[in-house]
2 protein chains.
Amino acid sequence: MPGGFGKGSVWCHGRFRGYGYRMTVSRQAILDVLNTTVKHLSAEDIYHEVHKIHPSSGMSTVYRTLELLSRLKLVFKFDFGDGRARYELNKRLENKEYHHHHLVCINCQRVIDYTDFIEDEVELLKKTEKGLSKKYNFKIMRHILQFYGLCNRCEEKGKE
Amino acid sequence: MPGGFGKGSVWCHGRFRGYGYRMTVSRQAILDVLNTTVKHLSAEDIYHEVHKIHPSSGMSTVYRTLELLSRLKLVFKFDFGDGRARYELNKRLENKEYHHHHLVCINCQRVIDYTDFIEDEVELLKKTEKGLSKKYNFKIMRHILQFYGLCNRCEEKGKE
DNA sequence: TTGAGAGTGGGAATCATTATCAATAAGGAG
DNA sequence: CTCCTTATTGATAATGATTCCCACTCTCAA
């Protein structure tokens with residue numbers, strides 16, 4: 001993936017402009033990083049990646065852009081309880097192929113994504129969403145399902 | 001609920017002592033607050049409540065105690081993505097009567113607990129937990145299920 | 001090409017949470 | 001009950017993530 005901005009971010013231009021925002025080099029770089037990376041990145045991760053492409057971009061811009069993207073519903077902000085937020089493209093989350101839930105280790109903070117068992121879960125969640133939406137008059141846009149516990153490494157250590 | 005420390009925290013004494021920790025006035029007060037309050041409290045909320053009972057307790061003690069209680073698996077730390085952690089007694093979470101999931105408004109951060117629809121969800125989640133535990137060799141202790149979206153108030157405002 | 005104003009970088013400010021440390025108090029031994 | 005060890009505490013400093021501020025820069029419609 002040498003240098004340039006992939007087509008991945010092009011689809012955002014319209015969305016940006018539609019709301020009166022401008023597409024800038026930094027924003028493109030940030031979108032590109034989000035597009036070409038698999039994991040849930042922290043703001044700092046993103047900053048580092050963006051820095052490789054466009055060294056003059058600053059941390060503030062990363063935060064500002066992520067906030068903007070959040071507001072535009074283009075990215076989703078996760079919280080695994082380790083004191084820093086993670087970000088992921090909604091496009092990716094909505095994609096059946098990428099949609100996943102999490103196993104979070106409460107000891108070492110390791111996060112495992114899983115996509116197995118998802119089918120049944122998602123089906124039930126959809127049903128629940130409908131019920132909740134109606135009852136609480138709440139427009140549900142996304143969900144988080146996380147299981148907390150001890151990963152194999154930490155479970156072993158605990159026994160010593 | 002006038003003044004004194006309810007019986008609620010007594011059951012913890014043994015647990016504390018068993019691990020070589022001491023039961024102190026501050027810790028009792030913190031446990032008592034957690035015991036007698038319904039909502040997910042932030043550290044600061046807890047500090048304020050504790051302050052009413054035992055004004056000389058400091059913030060550090062609250063954080064330290066919550067950390068300890070977390071380690072002892074007596075409380076669970078939640079994260080709703082608003083930059084501050086919330087705490088709730090595990091005892092309460094395990095209690096079928098209290099177990100709930102969350103609706104989180106991404107605009108005003110309001111959190112709605114719901115207990116409806118829980119039955120089916122929990123049943124499926126249990127099944128999933130089993131499968132995941134085995135496959136990933138992960139000891140699951142708790143789960144979080146949160147739906148994110150817009151509450152009625154914010155949805156309305158958005159339309160204006 | 002140009003001007004209005006959106007967007008920027010970097011450093012200061014804020015906020016929640018942690019670490020430090022001398023002083024205090026819990027609780028077992030005597 | 002008193003003493004002594006040492007876990008615990010409160011105040012405050014330190015940290016780390018995130019947000020704010022502001023003079024300068026760049027985008028893009030006209």
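Throughout, a chain's letter reflects where its sequence line sits, starting with A, and its residues are numbered from 1. Because the structure is a prediction, the values reported are computed rather than measured.
- As a whole-Å value, the separation of B/Q28 CD from D/dA7 P is 20 Å.
- Listed nucleotides C/dG11, C/dG7, D/dT9 differ in distance to A/S60; the shortest reach to its side chain belongs to C/dG11.
- Judged as a side chain to side chain donor-acceptor pair (under 3.5 Å), and not counting sequence neighbours, the contacts of A/E121 are A/H101, A/Y114, B/T128.
- Take B/K39 and apply the salt bridge (Lys or Arg N to Asp or Glu O under 4.0 Å) test, not counting sequence neighbours, and it matches B/D113.
- For A/Y148, the ring-ring contact (aromatic ring centres under 6.0 Å, His included) partners are B/F76, not counting sequence neighbours.
- Mapping B/K77 and A/S57 onto DNA chain C by nearest heavy atom places A/S57 closer to the 5' end of the strand.
- Under the side chain to side chain donor-acceptor pair (under 3.5 Å) criterion, A/K135 pairs with B/D116, not counting sequence neighbours.
- When ring centroids are compared, A/H143 and B/H102 stay outside the 6.0 Å threshold.
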Listing time: all N or O pairs from protein to nucleotides 13-17 of chain D that are below 3.5 Å?
from   : atom 1 : to    : atom 2 : distance (Å)
D/dA17 : OP1    : A/R84 : NH2    : 2.3

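- Remark: A/Y21 pairs with no residue by the ring-ring contact (aromatic ring centres under 6.0 Å, His included) rule, at least two apart or across chains.
- Applying the salt bridge (Lys or Arg N to Asp or Glu O under 4.0 Å) rule to B/K52 yields the partners B/E49; only residues at least two apart in sequence or on another chain are considered.
- A donor-acceptor pair shorter than 3.5 Å cannot be found between the side chains of A/N152 and B/K139.
- Taking the six-membered ring for Trp and thresholds of 30 and 60 degrees, A/H100 and A/F78 have nearly parallel ring planes, at less than 30 degrees apart.
- Where B/G20 and B/Y47 meet DNA chain D, the nucleotide closest to each residue was compared, and B/G20 sits on the side nearer the 5' end.
- Helical stems in DNA chain C, defined as runs of 3 or more consecutive Watson-Crick or G-U wobble pairs with both donor-acceptor distances under 3.5 Å, are listed by first residue as C:1-30 with D:1-30.
- Here C/dT17 presents its P atom at 9 Å from CG of B/L66, a figure rounded to the nearest Å.
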Pairs under 3.5 Å (N/O, protein and nucleotides 21-26 of chain C):
from   : atom 1 : to    : atom 2 : distance (Å)
C/dA26 : N3     : B/R22 : NH1    : 3.1

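- Heavy atoms of B/S26 sit under 4.0 angstrom from primed sugar atoms or phosphate atoms, though from no base atom.
- Applying the side chain to side chain donor-acceptor pair (under 3.5 Å) test to A/R92 and every residue at least two apart in sequence or in another chain returns nothing.
- Between the CG atom of A/L68 and the P atom of D/dC20 there is a distance of 14 Å, rounded to whole Å.
- Evaluation of the side chain to side chain donor-acceptor pair (under 3.5 Å) rule for B/R142 yields B/N90, B/E94 as partners, not counting sequence neighbours.
- In this structure, the NE2 atom of B/H54 is 7 Å from the P atom of D/dG10, given to the nearest Å.
- Rounded to a whole Å, the CZ atom of B/R71 is 13 Å from the P atom of D/dA7.
- The separation between B/M59 atom CE and C/dC15 atom C1' is 11 Å, rounded to whole Å.
- Take B/H51 and apply the ring-ring contact (aromatic ring centres under 6.0 Å, His included) test, not counting sequence neighbours, and it matches B/Y47.
- Following rounding to the nearest Å, B/Y19 (OH) and D/dT6 (C1') show an atom-to-atom distance of 21 Å.
- Mapping B/E67 and B/Y21 onto DNA chain C via the closest heavy atom, the residue that lands nearer the 5' end is B/E67.
- Taking atom CG of residue A/L69 and atom P of nucleotide D/dT18, one finds them 15 Å apart after rounding to whole Å.
- B/S56 comes within contact range of the sugar-phosphate backbone alone, with a heavy-atom separation under 4.0 Å but no base atom that close.
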